[in-house]
Protein chains: 2
Amino acid sequence: MATITDVSKRAGVSRSTVSRLIAGNGYVSDEARKAVEAAIQELGYRPNTMARGLRSNRSDIIGGVVVNVSSPFYAQMIGGMQETARSAGKSIIVASGYADREEEARAIIELLDRACDGLILYLENALRDDVLEIVARSKTPVVTVGGNECPPARARVTIDNASGAAAGMRLLLDKGHRQIAYLSGGTIYRDTHERLSGIDAALAGFGLSRNDIHVEHGSFSETFGHEATARLLIERPDITAIFAGDDDVAAGALLALKAAGKLVPEDVSLLGFDDNFHARHLTPGLTTVRQPVDEAGRVATRLLLAILDGEPVAPVITIPTELILRHSIGPVRGLSPTSRHVAPALTAS
Amino acid sequence: MATITDVSKRAGVSRSTVSRLIAGNGYVSDEARKAVEAAIQELGYRPNTMARGLRSNRSDIIGGVVVNVSSPFYAQMIGGMQETARSAGKSIIVASGYADREEEARAIIELLDRACDGLILYLENALRDDVLEIVARSKTPVVTVGGNECPPARARVTIDNASGAAAGMRLLLDKGHRQIAYLSGGTIYRDTHERLSGIDAALAGFGLSRNDIHVEHGSFSETFGHEATARLLIERPDITAIFAGDDDVAAGALLALKAAGKLVPEDVSLLGFDDNFHARHLTPGLTTVRQPVDEAGRVATRLLLAILDGEPVAPVITIPTELILRHSIGPVRGLSPTSRHVAPALTAS
DNA sequence: ACTCGACATGAGATCGATCCCACATATCAG
DNA sequence: CTGATATGTGGGATCGATCTCATGTCGAGT
């Protein structure tokens, strides 16, 4: 490969002049510019990233940690990050944290070793103290997305879980549902608490409180949705609507409902969260609260780029959710929600 | 950050000794080893990737190009790549080629600029000549996955489209289907041709040829599946089975079938390809030919690592597909395939 | 006793860029 | 004419590692 010295020799100028031209700072005469540009063209010169990085201490690489690179949910976020980073001439290296504290620590260290200009973290655990120390010492700017808070972060992108959950719950209440189960993900997630507070708000608007619904904590998985729903169908046959912690939970719930011969939404209404890739492919199409995760990736990257440019940025940016209406929610069957009489059986449609 | 010089001073040895210890080559006395290890520990020393890369001309980064980073299909492949690369201490940078020749060229150049140790390419177009030249000149080893052939590649990982499609078609034929539609993706893809040849082989086994089925070319998209199926239901009401080019096409087909009030598999059987994330979430669960794309990512990365280690590798590795039996295929309704007598009506399950 | 090989270490060049600083010229105000 | 300012260029140190080569010690073999 041609080096900057080759170019400078060919163009009859010094390395400094070539460097100035490329960097676009400092003075370069028209004459020199033309000669250098021609030399670059002829030699097919491309600057050596390592040398540049070594000297200037920039890698033009942004590091990202997500829970799992293979998952469609995070893939979308990565897509958003990459798109934005590319327009600024930066690349992205992502690592998976597998929602495990040690793995997350390892991933961050790995990225730091790569001399990333900045980090975008979607973590599920608090950072290990020693890692926190290392991150701080490296002075690498950090932006976090979703998940839990993380001290060294200069900015934080959150998805508006509270309003999303509130909107979802309000929809169910509007449709007359009162016997509602909320199948929550784990309580270790900040998301969970935010959503619960949104749910509380929605309930309060109807003169109700969290005690008036059935809340169950499990994990964000299809298995939990399936098991919890199967159990509920026995223990709480009066329930008319299930609000799932995410679309995976909803998919599990749907399976259990179908297995029990229940019709959705005629017998039980079902509401998801996320708008995962497969939400629209379920039957019936899942009504769900969309988390615009690709947008979150874009915003986080934009924030990080701004920080790298030394611009001031808002410490928290909240991205609104959107209620996606499909076909898994219907009006409560039978009697009006206030009186508590037994409803007549509905015929299947 | 501490540098190698800091470590060497603290340990009372030369930089060379520290370097030898880290690289694990050359002689280092036990005494020196202990001193250096202690110094590294105390200072929290981590080698500077850039400096190392500049000198040794290795980045420990593997570059990947896939069609679209956001898509669940490629996300799985990236997951496989990453897993394997990590165990060898390498990271992955991926770029999207968007199945566009210029974008693919851009992505490759970008990765080459990053001094990737090797490239894993999943391209949909032939490489631009100038890019091919640049890749060759850089001497970066290349492994390709799926898609079309690519000259500079030292090894190629293919998914056994032919046997996969043959197995799928054989399943339909075994179930007595003879009025079959194959809704193919575009003819520009090598995949398409390989699958068609597998289909031919399966048909030949039943004394049939491609002329005996209905083949339609479109794109690998839900839209195509939907439109083509809607059309077929009118033009070819005799068709009893649809073999979709991939699961997206199948999802579209399923929508069209349901919209027309057809039952799957009672009225029409449906077969997909890929085993996408949502295949099992369709109703009925989609029977499909699984492409182990995560495995392809792992194998490609292993091959590349072997090449980087100077080991000889097989030029082509073919990964077998797997028929995933779910619930979208049933026996042909009506007449039995050999004799043309009336079969007893089937009850829906 | 001396030679050879294994073990052990350090000095210094090198990778390819960036960037500070010194220097040169031209222009213009006072 | 002098000094200040804008424009333009090149020399050389520098980033932090790697790696070759020179040098040195020690013990075994002859």
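To find a chain, count down the sequence lines: A is the first, B the second, and so on, and within it residues start at 1.
- Nucleotide D/dA17 holds its C1' atom 14 Å from the CG atom of A/Asn57, rounded to whole Å.
- Between B/Met50 atom CE and D/dT18 atom C1' the separation is 17 Å, expressed in whole Å.
- In this structure a side-chain-to-backbone donor-acceptor pair under 3.5 Å is missing from B/Thr17 to B/Val13.
- Separating the CG atom of B/Leu21 from the C1' atom of C/dG10 is a distance of 15 Å, rounded to the nearest angstrom.
- Between the CG atom of B/Leu54 and the P atom of C/dT18 there is a distance of 12 Å, given to the nearest Å.
- A donor-acceptor pair shorter than 3.5 Å cannot be found between the side chains of B/Ser14 and B/Ser8.
- Counted within 6.0 Å of CG on B/Asn57, heavy atoms from surrounding residues, nucleotides or ligands total 12 or fewer; the atom is thus considered open.
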List the steps and the verdict of salt bridge (charged side-chain N to carboxylate O under 4.0 Å, His left out) for B/Glu102 and B/Arg106. CA-CA 6 Å; B/Glu102 297 310 308; B/Arg106 182 203 46 70; over 6 Å; no
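- Rounded to a whole Å, the CZ atom of A/Arg58 is 18 Å from the P atom of D/dC15.
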Anything under 3.5 Å between a protein N or O and an N or O of nucleotides 24-27 of chain C, put it in a table, one pair a line.
none

5' to 3', nucleotides 8-13 of chain D under a 4.0 Å protein heavy-atom cut-off (B base, S sugar-phosphate only, - none) gives BBBBBB
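- Remark: B/Arg190 does not engage B/Glu124 in a salt bridge, criterion side-chain N to carboxylate O under 4.0 Å.
- We find that NZ of B/Lys34 is positioned 16 Å from C1' of C/dA8, with the value rounded to whole Å.
- Here the shortest heavy-atom pairing between A/Arg101 and A/Ala126 reads NE-O, 2.9 Å.
- We find that CG of A/Asn48 is positioned 12 Å from P of C/dC15, with the value rounded to whole Å.
- Within the 4.0 Å cut-off from OP1 or OP2 of D/dT18, not a single side-chain nitrogen or oxygen of B/Ser56 is found.
- Using modelled atom types, one finds no donor on one side chain facing an acceptor on the other under 3.5 Å when comparing B/Thr49 with A/Asp113.
- Taking 4.0 Å as the cut-off between side-chain N and carboxylate O, B/Glu110 and B/Arg114 do not count as a salt-bridged pair.
- Axis orientation changes by 50° from one end of the helix from C/dA1-D/dT30 to C/dG30-D/dC1 to the other, with each end axis drawn from 5 pairs and the value rounded to 10°.
- A/Ser56 places a side-chain N or O within 3.5 Å of a backbone atom of A/Arg52 that can act as its donor or acceptor partner.
- In this structure, the side chain of B/Thr3 engages the main chain of B/Thr5 through a donor-acceptor pair within 3.5 Å.
- Atom CD1 in A/Ile22 sits roughly 12 Å away from atom P in C/dC19 (whole-Å rounding).
- In summary, A/Arg298 and A/Glu295 engage in a salt bridge, as defined by a charged side-chain N under 4.0 Å from a carboxylate O.
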